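Below is one structure, written out as structure tokens, with a few remarks after it.
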Amino acid sequence: MKSIHEKIHKWYKTHGRTDLPWRTVTDPYPIYLSEVMLQQTQVKTVLERYYFPFLEAFPTLKSLGEAPLDAVLKHWEGLGYYNRAKNLHKAAQVLLQKGQAQGIAPTLPSDIDTLFKLPGIGKNTAHAIAAFAFRQPVPVMEANVKRILCRLHRLRTPDEKRLWKLAYGMVDKENPFDYNQAMMDIGATLCIPKDPKCDLCPLESICKGKNTPRTYPLKKKRSVPTREEHIMISVYNDRLALTKRSGKFLHGLWGFASAEVPLCASEPIGEVSHAYTHFKLKCKVWVHHELEPEQESYFTPEEIKDLAVSKVDEKIVKLYLDTIQQ
DNA sequence: CAGTCGTGGGT
DNA sequence: TACCCAAGACT
């Protein structure tokens, strides 16, 4: 009987996504970049819209560390979870400084514990970089592998410690690169949440959950409340007032601040809705024309295109432009 | 440790 | 439509 590692390997060579650009390079930096971009983000989005433009703008760890955060955020615009960009930039700065102290170009550490200490690199990303960039015999344990392990062992409520233990016990130490990539591909294309294709799965022979795969793992239900806000667009001389957001939410991006409803206001120009992970947002949008500049910075619509702006604020700008067109 | 942090794909 | 969920990290 063929070993499970052989089956996985054979499946990967035939059906794996072996041509993904971050799988055909050896430079740790683009591999690291891909791991961060892919956090909670589908391969398709990263591949078609973000990976190549970002690398073109910041081709090396050094160029990333030397770039202004605004430029990095602009290339992250629309990808979401902007703390990733902030932490990626911060990590590059830390490594750049470390390199300068030794008089060398910045490089990623290969040690998992050292990687783990860098901002934005958690346990899984540290393992992924170790396995993919440095070919270390360690498992990755992200959403795809997690779902596979839950089904293999019929676990309804995934316990992180147990899952890591199972992952370590299963990793192919002879070929950790192909093994880990294969596990993620199996999870992404076969062992999917709904209607998994068990008959095509190289793990079928060892899967305890194959009869009722959809019951592993148990899905959590979350309430999604709706928040209602009022947005006042301050306009002066055909320019819009935007401020740079601070705090954790959409940090570093430019946008419109939530405002109190002015008592003397006319009718709102419209409404904008946006769905976040934990709440839905409904914004009534108002316009206030100022006789003199009262905000810090105003931008023409053309200038706004050069700012990093979130999706809601993009919608608000569009609503404003559509309104003045008529 | 449960809540927070974006957006778009797929159904 | 409305919902689930995606190469998670941080607090």
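Proteins get letters first, then strands, A, B, ... in listed order; numbering begins at 1 in each. Computation of the quantities below employed the complete heavy-atom set of this structure, encompassing side-chain atoms and omitting hydrogens, waters and symmetry-equivalent molecules. Treat the numbers as computed from the prediction; the structure is a model and nothing was measured.
Separation of the A:Phe58 and A:His75 ring centroids falls under the 6.0 Å cut-off. If you look at A:His230 and A:Phe256, their ring centroids are not closer than 6.0 Å.
For C:dG8, the OP1/OP2 oxygens have no side-chain nitrogen or oxygen of A:Gln39 closer than 4.0 Å. Of the side-chain N and O atoms in A:Thr125, one or more sit less than 4.0 angstrom from OP1 or OP2 of C:dA9. Under 4.0 angstrom from either OP1 or OP2 of C:dA7 there lies no side-chain N or O belonging to A:Lys44. Side-chain N/O atoms of A:His278 include none lying less than 4.0 angstrom from OP1 or OP2 on B:dC5. Distances shorter than 4.0 Å separate none of the side-chain N or O atoms of A:Tyr81 from OP1 or OP2 on C:dC10.
Using bins of under 30°, 30° to 60° and over 60° for the plane-to-plane angle, the ring pair A:Tyr179/A:His5 lands in the perpendicular bin.
Here C:dA2 presents its C1' atom at 11 Å from NZ of A:Lys194, a figure rounded to the nearest Å.
A:Ala143 comes within contact range of the sugar-phosphate backbone alone, with a heavy-atom separation under 4.0 Å but no base atom that close. A:Trp22 comes within 4.0 angstrom of a nucleotide base, judged by non-hydrogen atoms across all strands. Across all strands shown, A:Arg49 has heavy atoms under 4.0 Å from sugar-phosphate atoms exclusively, and none from any base. Across all strands, A:Leu79 comes closer than 4.0 Å to base atoms (heavy-atom distances). Counting non-hydrogen atoms under 4.0 angstrom, A:His251 reaches nothing in the nucleic acid. At the heavy-atom level, A:Phe249 lies under 4.0 Å from the strands shown only through sugar-phosphate atoms. The residue A:Arg147 sits close only to the backbone: its heavy atoms come under 4.0 Å of sugar-phosphate atoms, none of a base.
Looking only at distances, a side-chain donor or acceptor of A:His251 sits under 3.5 Å from a matching main-chain atom of A:Gly247.
Nearest to the side chain of A:Lys311, among C:dG8, B:dT7, C:dC5, sits B:dT7.
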